[in-house]
S.K.: 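One structure, as structure tokens, below. Some questions next.
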Amino acid sequence: MPTLSLDETASCACGAVSLRIEGPVRSMLVCSCLDCRKSTGTGHSAVVLMSTDSVAVSGKTKGHTRQAASGSEITRYFCPQCGTPLFARTARAPLLALVPAGLFDRPDWFSPSQAIFSRTHLDWDTLDETLPHYDTYRDNGGF
């Protein structure tokens, strides 16, 4: 299967911050860890993993750092004006940007290949049962 390469622009709800995404997608996944649930306000996050050099940010962002379920620190960046979640970076994978799929206007290309942190998945949050589900990360420890 060929690697998906994005050439997309995404922005926050008020338009003060935009992201230019250019390059190959490293992975697409859904995550049900408590941190992702709190950051989205729902049962899981839908994430596109990109190399940090594939993501250019225009506008001022604000970040919040905390310890994630993995034990690593995660910093989630958002628009300081409207609060839209923009991307995250984790000390566990410092060269990756975790970009919410919902940030894009038409993410028809989004197709997750796995569900991580299924140990904290909520029964009411319906996920595709054909996706491989992992209690934490994939067995090899990666995304």
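The figures here come from the full heavy-atom set of this structure, side chains too, leaving out hydrogens, waters and symmetry mates.
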S.K.: Answer yes or no: is there a donor N or O on one side and an acceptor on the other, between the side chain of T40 and the main chain of T42, under 3.5 Å?
M.R.: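 Yes: the side chain of T40 pairs with the backbone of T42.
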
S.K.: Can you tell me how the ring of F87 sits relative to the ring of Y77, calling it parallel under 30°, perpendicular over 60° and tilted otherwise?
M.R.: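 Parallel: the ring planes of F87 and Y77 meet at under 30°.
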
S.K.: Kindly say whether S32 contributes a backbone atom to a donor-acceptor pair with the side chain of T120 at under 3.5 angstrom?
M.R.: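 The answer is yes, because a donor-acceptor pair under 3.5 Å joins these two groups.
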
S.K.: Please examine the side chains of M50 and I21, heavy atoms only from C-beta on, and report whether any two atoms are closer than 4.5 Å.
M.R.: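 Yes; the side chains approach each other to less than 4.5 Å.
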
S.K.: Nearest 0.5 Å, please: how far is OG1 in T75 from CG in L98?
M.R.: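 One finds 11.0 Å between CG of L98 and OG1 of T75.
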
S.K.: Identify whether the distance between the nearest side-chain nitrogen and carboxylate oxygen of D125 and R37 falls below 4.0 Å.
M.R.: no

S.K.: Which pair of non-hydrogen atoms, one from T3 and one from P24, has the smallest distance, and what is that distance?
M.R.: CG2-CB, 3.8 Å

S.K.: Roughly how far, to the nearest 0.5 Å, is the CG atom of L103 from the OG atom of S11?
M.R.: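 Going from the OG atom of S11 to the CG atom of L103 covers 7.0 Å.
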
S.K.: Distance only, no hydrogens: is a donor on one side chain within 3.5 Å (strictly under) of an acceptor on the other, for S72 and T90?
M.R.: yes

S.K.: So do L34 and F117 actually touch side chain to side chain, heavy atoms under 4.5 Å?
M.R.: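 No. Closest side-chain heavy atoms not under 4.5 Å.
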
S.K.: Other than L127, which residues form its hydrophobic cluster under the rule that side-chain heavy atoms must be closer than 4.5 Å?
M.R.: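 Hydrophobic cluster check, L127: joined to V30, L131.
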
S.K.: More than 12 non-hydrogen atoms from neighbouring residues, nucleotides or ligands closer than 6.0 Å to CD on Q81, yes or no?
M.R.: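 No, not enclosed.
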
S.K.: For residues P85 and S39, determine if any side-chain heavy atom of one lies less than 4.5 Å from a side-chain heavy atom of the other.
M.R.: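 P85 vs S39: side chains apart.
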
S.K.: Report yes or no: does S113 contribute a side-chain atom to a donor-acceptor pair with the main-chain N or O of M28 at less than 3.5 Å?
M.R.: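 Side chain of S113 to backbone of M28: a pair is present.
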
S.K.: Are more than 12 heavy atoms, taken from residues, nucleotides or ligands other than D128, located less than 6.0 Å from that residue's CG atom?
M.R.: yes

S.K.: Between S54 (side chain only) and E22 (backbone N and O only), is there a donor and an acceptor less than 3.5 Å apart?
M.R.: yes

S.K.: If you look at every heavy atom in S27 and L29, which pair is closest and at what distance?
M.R.: OG-CD2, 4.2 Å

S.K.: Looking at A13, is its backbone amide N or carbonyl O close enough to the side chain of T84 to form a donor-acceptor pair, meaning the two atoms are under 3.5 Å apart?
M.R.: yes

S.K.: Return yes if a side-chain donor-acceptor contact under 3.5 Å exists between R26 and S51, otherwise no.
M.R.: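 Yes, because at least one side-chain N or O of R26 sits under 3.5 Å from a partner of the opposite role on S51.
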
S.K.: Please check this pair: side chain of R20 against backbone of E8, looking for a donor-acceptor N/O pair closer than 3.5 Å.
M.R.: yes

S.K.: With a 4.5 Å cut-off on side-chain heavy atoms, are D35 and R76 touching?
M.R.: yes

